[in-house]
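Here the structure is a predicted model, which is why all the values come from computation and not from measurement. The sequence lines fix the lettering, A, B, ..., with proteins before strands; numbering per chain opens at 1.
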Number of protein chains: 2
Amino acid sequence: MTAQAPTRPLGPDAGLDQVFELAQQLRVDSVRASTSAGSGHPTSSLSAADLMAVLMTRHLRYDWDEPGNPANDHLVFSKGHASPLLYAMFRAAGVVGEDELLTTYRRFGARLEGHPTPVLPWVDVATGSLGQGIAYAVGIALAGRDLEASPCRVWVLCGDSEMAEGSVWEAFDKAGRHRLANFIAIVDVNRLGQCGPTELGWDTEAYARRVEAFGCRAITVDGHDLEAVDRALTVAADGQGPTAVVARTVKGRGVSEVADQEGWHGKPLPADLADRAVAGLGGVRHLSVRGPRPPDGAPVPRPAAGPVELPRYELGEAVATRSAFGKALAAVGARPEVVVLDAEVGNSTHTQDFEKAYPERYFQTYIAEQQMIAAAVGMAARGHRPYAATFAAFLTRAHDFIRMAAVSRTTMALCGSHCGVEIGADGPSQMGLEDLAMMRAVHGSTVLYPGDATSATALTAAMADLPGISYLRTTRGAYPVLYAPDEVFPVGGSKTPRRGDQDTVTLVGAGVTLHECLAAADLLAADGIHARVVDLYSVKPVDAGTLARAARETGALVVAEDHHPEGGIGEAVQSALMARRLAPALAHLAVTGLPGSGTTAELLDDAGISRTHIAEAARALIQK
Amino acid sequence: MTAQAPTRPLGPDAGLDQVFELAQQLRVDSVRASTSAGSGHPTSSLSAADLMAVLMTRHLRYDWDEPGNPANDHLVFSKGHASPLLYAMFRAAGVVGEDELLTTYRRFGARLEGHPTPVLPWVDVATGSLGQGIAYAVGIALAGRDLEASPCRVWVLCGDSEMAEGSVWEAFDKAGRHRLANFIAIVDVNRLGQCGPTELGWDTEAYARRVEAFGCRAITVDGHDLEAVDRALTVAADGQGPTAVVARTVKGRGVSEVADQEGWHGKPLPADLADRAVAGLGGVRHLSVRGPRPPDGAPVPRPAAGPVELPRYELGEAVATRSAFGKALAAVGARPEVVVLDAEVGNSTHTQDFEKAYPERYFQTYIAEQQMIAAAVGMAARGHRPYAATFAAFLTRAHDFIRMAAVSRTTMALCGSHCGVEIGADGPSQMGLEDLAMMRAVHGSTVLYPGDATSATALTAAMADLPGISYLRTTRGAYPVLYAPDEVFPVGGSKTPRRGDQDTVTLVGAGVTLHECLAAADLLAADGIHARVVDLYSVKPVDAGTLARAARETGALVVAEDHHPEGGIGEAVQSALMARRLAPALAHLAVTGLPGSGTTAELLDDAGISRTHIAEAARALIQK
């Protein structure tokens with residue numbers, strides 16, 4: 001393997017013979033990177049090398065010196081396991097060195113991770129959970145076109161295995177519905193998945209029919225015929241899309257010993273085979289590429305922010321926190337970076353208040369929660385601040401997307417309405433009873449659960465400035481406003497709406513159980529028992545100081561939550577206390593059974609989290 | 001409203017005029033039930049009443065006296081919110097009385113819940129989270145045909161709004177791939193969703209194109225033309241499917257004041273409007289229906305179970321728990337009720353061992369985790385015992401299906417492989433770091449996390465007899481076998497592989513951190529510190545007794561887990577101790593940062609859960 005001296009970078013005018021050389025370089029580098037790392041996916045990289053060589057030389061409008069240029073195209077590797085190919089492209093673009101590629105890929109502390117993440121400035125979203133990149137791409141394309149009038153296009157490389165994921169079809173559906181001409185999927189149909197042949201094999205026409213049925217244009221092509229690929233990408237970028245280029249390719253293409261063979265998924269080539277492969281591919285090359293530049297022209301400036309004038313509520317007024325969320329959201333809309341997404345339940349979550357005020361920044365994703373979250377992530381990648389809302393129960397549908405959004409370092413606000421048995425007659429399918437556990441375990445998340453309209457308003461507004469993924473849990477029914485409009489609700493704080501020097505027990509609640517705790521305190525007061533009440537509106541981070549003080553001062557705690565016992569408020573409280581070596585008498589009331597239908601009062605009582613159960617638990621603790 | 005005297009039940013030979021009368025009865029009863037309940041979805045019921053009247057009179061082969069007859073057809077309401085219609089059908093079938101319908105629907109303690117659940121003997125799976133019923137139906141159809149050679153067919157009523165869910169297309173994809181001629185979807189295209197018009201409105205041809213692109217047959221029909229519906233259902237059941245009958249309907253059909261009007265989704269008719277509606281529909285009727293009977297003939301008996309001969313491992317042998325899971329699964333396959341599903345990662349999860357032994361009971365769902373879980377639920381509904389496996393990280397994709405499976409009272413075993421940072425170079429997208437929180441919060445779940453091959457084997461076998469949803473977490477790398485083959489591992493138990501009278505600290509681990517705890521105990525022993533080690537292989541239920549004893553006897557605990565800090569082992573331990581008012585010195589080591597790539601040792605160390613960190617934490621606790 002001898003190295004040629006660097007030559008003039010390949011530009012859009014490069015001949016296909018030069019593009020072929022680039023493709024071979026991408027292959028060689030994919031093989032070398034993964035073999036050096038001892039793991040990775042060379043064969044899945046080799047199948048797409050020709051597609052990517054044509055793309056980066058002639059079609060991808062990208063200023064490699066300025067990855068933040070808002071007119072840049074986007075390139076999303078939905079098949080994130082083909083990271084050797086992506087990083088080989090970065091080497092060809094001159095932004096990653098050969099040494100970095102060969103000595104740091106997949107190593108500890110390196111930015112060239114096993115699957116791409118935005119620690120790299122040229123990567124917008126983390127991929128590696130299949131069927132997601134294409135969904136993010138739809139969000140990026142929507143943001144670019146509809147929120148910014150940007151000339152950017154979004155190219156997304158998909159694998160064929162991931163076409164079995166329903167989320168892919170949610171993405172094509174939305175690309176088609178919104179006529180996203182700036183969205184181009186390239187499907188690398190290499191026929192082989194991890195365990196053997198894919199569902200549809202090389203039936204590119206079957207993929208094309210599906211794409212077309214979902215309202216997108218499909219172009220089938222031989223993914224190794226550079227001229228045909230070039231023509232296909234030219235058509236795809238003609239502004240008449242959305243388009244999927246469905247490319248028939250060979251897994252392991254260019255390395256005869258592995259090409260189109262089963263048993264080579266996710267395996268680096270052994271050193272001797274890698275040497276033969278590199279030689280067979282014509283050896284190491286040092287081509288560099290400068291493809292088309294993004295269009296010049298200043299981006300459309302964002303309008304100036306107006307003043308955020310939050311609604312104010314009268315003490316005692318009965319207001320649902322979901323309603324307060326909607327009104328606060330409409331107020332926060334004065335900030336032009338705020339966008340809102342909903343999954344066809346905006347009249348339940350109350351995001352419709354924002355829709356009425358700012359229809360141009362409201363995105364109806366219909367009943368497709370995965371795509372809702374993915375679109376939010378894509379919009380966030382272009383600097384917008386999304387709020388996305390549905391029933392708390394149905395956010396579980398998007399759990400994998402929320403998890404991956406954390407890997408993408410996404411900042412977004414989520415709202416889950418209709419939490420807990422409180423919702424009543426609709427029954428368990430509609431009750432969010434697992435959402436706190438899900439959202440607390442998301443890396444870097446903030447979890448908020450207001451008990452009244454004032455706190456819901458303040459926290460909804462606060463989310464617009466919180467980093468990472470924040471979550472607001474709202475309640476279906478209307479309950480009295482507890483706090484005056486100017487009360488502040490710091491994240492990580494709590495409120496103690498009832499307290500006295502003689503308190504012998506602390507009742508900890510949030511949301512509906514806060515009201516039950518207050519009512520229980522009344523019941524206890526009638527018995528001469530002084531109960532403190534803590535409103536734990538910030539579930540993560542939790543106000544450990546206040547809880548510890550309550551434990552020390554009252555010696556007994558009842559924690560009541562409208563959630564299953566695991567991973568929610570009770571465990572947040574217990575771990576906060578345990579970290580301070582406090583073991584007060586503690587009763588943890590939560591929904592342990594499987595609820596049915598009923599009124600709110602019946603279901604709270606049946607679940608053992610109503611005022612009477614809270615008071616009873618308090619009495620039992622005190623008597624011990 | 002005057003009641004007619006009951007007449008002879010309508011049979012398959014009933015004229016369409018009689019079927020029309022039945023449809024009107026279903027409408028009247030849908031209106032009455034929801035108005036009496038004060039909530040529910042009458043308009044979504046009215047649109048499908050004609051479809052269901054034709055179905056139950058002429059096509060649904062069902063023995064209402066024997067809902068357990070394995071030759072019965074299945075009827076799944078994927079649009080579970082149309083429960084008034086379903087329950088009105090049950091009244092027409094004579095299995096639910098008028099009084100029950102009108103006085104218990106959506107009431108506390110009633111079996112006629114807001115959305116159908118299997119507390120009713122004629123309901124196989126809980127619905128209410130849209131896009132799921134159709135996916136379960138695929139599993140039921142697969143089980144009926146491929147596991148039992150049953151003549152049963154599966155009819156599933158879908159709404160048009162839910163067609164936006166990707167899971168619907170995973171379901172059609174699998175119905176098409178398996179050529180499930182016993183699968184018939186009826187899509188009620190009533191044009192209106194919760195917030196307004198659906199994505200595709202009345203474009204039934206667009207739905208048909210999608211269905212056909214996914215390999216199923218589509219028949220479009222006017223859903224209020226009884227004769228046309230009858231013809232369509234006749235074709236659909238001709239054994240040449242899978243088929244979707246795409247029916248254009250009118251939401252609120254039959255009640256002119258609400259028909260095709262926005263603003264009536266999920267709203268009962270006010271009493272006066274309900275009275276006018278019932279009168280306009282011709283008043284209350286008391287028709288009963290006995291449609292076609294299921295074919296006679298004894299079901300094919302299940303083969304006798306063979307002996308389950310579990311593999312045995314030598315102490316000290318290095319074996320990955322995922323590998324032990326696969327081998328145990330193949331052994332458990334001697335029980336003929338066991339079926340296995342995987343999402344195209346069977347060579348990683350090791351379900352391929354079962355595939356080799358019992359290919360006829362192995363279902364490759366490709367990369368479609370939602371459909372994998374749904375198929376498992378459907379198979380369980382017909383009495384099989386599914387094990388479904390993929391990477392722990394990717395089980396989050398199916399969270400909403402797992403949640404709903406608990407509402408369905410499903411018994412199934414799940415396995416999540418590749419948990420935690422232990423997996424190494426692939427990076428965070430592939431690391432299950434949220435799965436314990438997710439699975440602990442599932443109603444009625446069991447969560448198991450073996451640390452060696454012997455315990456993995458025993459627990460894999462035990463799952464075949466556990467009720468509800470059980471979860472086994474497996475590890476990528478190979479670690480020494482710690483237990484002799486005859487050791488027993490009761491669910492809810494733990495092991496204490498290291499203990500002594502002078503222990504001053506307890507190290508609690510599971511999976512990979514168990515091995516780190518053992519190594520840390522060695523490090524501590526070198527310093528003269530006696531450390532107890534607890535193997536918490538049963539995370540839910542957790543062995544509170546052993547933990548409490550350890551807390552009392554040693555006074556200090558280090559809990560180390562390869563998972564985010566929330567909702568996992570640490571919180572399980574802390575809540576167990578707190579319930580006994582124990583507050584030992586406790587250090588909770590978990591993955592708080594966002595990991596990257598690296599070796600297992602590097603990543604465990606970086607996350608602060610390696611042997612050195614465990615030993616350090618123990619020393620710090622003791623010195624306090």
Side-chain angles (χ1 to χ4, degrees), chain A residues 39 106 108 113-115 126 128-130 161-162 164-167 169-170 177 193-195 199 209-210 213 344-347 366-368 370 396-397 399-400 403-404 407 425-430 434 437-438 440-441 443 564 566-567 571 574-575 578 581-583 585-586 594 596-598 602, chain B residues 39 106 108 113-115 126 128-130 161-162 164-167 169-170 177 193-195 199 209-210 213 344-347 366-368 370 396-397 399-400 403-404 407 425-430 434 437-438 440-441 443 564 566-567 571 574-575 578 581-583 585-586 594 596-598 602:
Chain A
S39 68
R106 286 178 163 257
F108 180 70
E113 296 186 24
H115 295 75
S129 179
L130 290 171
S161 278
E162 67 179 315
E165 286 281 14
S167 58
W169 302 102
E170 295 184 14
R177 172 170 181 78
Q194 171 169 334
C195 296
E199 248 184 311
R209 280 194 298 276
R210 293 180 182 195
E344 224 226 313
V345 288
N347 50 352
Y366 297 92
I367 305 181
Q370 296 186 99
T396 59
R397 196 64 156 258
H399 189 172
D400 196 24
R403 175 184 80 84
M404 286 298 295
V407 182
D426 274 332
S429 64
Q430 320 292 302
E434 306 83 0
M438 173 175 79
R440 284 181 69 235
H443 173 70
H564 286 320
E566 300 84 8
E571 293 196 345
Q574 291 176 76
S575 57
M578 188 74 87
R581 297 207 60 179
L582 292 165
L586 188 141
L594 190 54
S597 292
E602 285 166 343
Chain B
S39 68
R106 284 178 164 257
F108 180 71
E113 296 186 25
H115 294 75
S129 180
L130 290 170
S161 278
E162 68 179 313
E165 286 282 14
S167 58
W169 302 102
E170 294 183 14
R177 172 168 181 79
Q194 172 170 334
C195 295
E199 250 185 309
R209 280 194 298 276
R210 293 179 183 195
E344 224 227 314
V345 288
N347 51 351
Y366 297 93
I367 304 182
Q370 297 186 98
T396 59
R397 196 65 154 256
H399 188 173
D400 195 23
R403 174 184 81 83
M404 285 297 296
V407 181
D426 274 330
S429 64
Q430 320 292 303
E434 306 83 359
M438 174 175 79
R440 284 182 68 235
H443 173 71
H564 286 320
E566 300 84 8
E571 294 198 343
Q574 291 176 76
S575 57
M578 188 75 86
R581 297 207 62 178
L582 292 166
L586 187 142
L594 191 56
S597 291
E602 285 165 343

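- Comparing Arg210(A), Glu170(A), Glu434(A) by heavy-atom pairs within less than 4.5 Å of chain B, the highest count is held by Arg210(A).
- Between chain A and the options Gln430(B), His564(B), His115(B), Arg177(B), heavy-atom pairs under 4.5 Å are most frequent for His115(B).
- Under the rule for a salt bridge (charged side-chain N to carboxylate O under 4.0 Å, His left out), Glu602(A) has no partner lying at least two apart in sequence or in another chain.
- Most heavy-atom pairs under 4.5 Å with chain B: of the set Gln574(A), Glu165(A), Met578(A), Glu162(A), this distinction falls to Glu165(A).
- Between chain A and the residues Leu130(B), Val345(B), Leu582(B), Leu586(B), the most heavy-atom pairs under 4.5 angstrom are made by Val345(B).
- Heavy atoms closer than 4.5 Å to chain A are found nowhere in Ala126(B), neither backbone nor side chain.
- Here the side chains of Gln194(A) and Ser161(A) are not in contact, with every heavy-atom distance at 4.5 Å or above.
- When each of Ala425(A), Gly346(A), Pro428(A) is checked for heavy-atom pairs under 4.5 Å with chain B, Ala425(A) comes out on top.
- The choice from Gly567(B), Gly114(B), Ala583(B), Ala437(B) that makes the most heavy-atom pairs within less than 4.5 Å of chain A is Ala583(B).
- No other option in Gly596(A), Ser167(A), Ser575(A) has as many heavy-atom pairs under 4.5 Å with chain B as Ser575(A).
- Top candidate by heavy-atom pairs under 4.5 Å with chain A, chosen from Gly598(B), Cys195(B), Ser39(B), Gly427(B), is Cys195(B).
- Both the backbone and the side chain of His399(B) have a heavy atom closer than 4.5 Å to some heavy atom of chain A.
- Each of Glu113(B), Gln370(B), Arg440(B), Arg209(B) has some count of heavy-atom pairs under 4.5 Å with chain A, and the biggest count is that of Arg440(B).
- Partners of Ser129(A) by side chain to side chain contact (heavy atoms under 4.5 Å, CB included), not counting sequence neighbours, listed by chain and number: Gln132(A), Asp400(A), Arg403(A), Met404(A), Phe394(B), Arg397(B).
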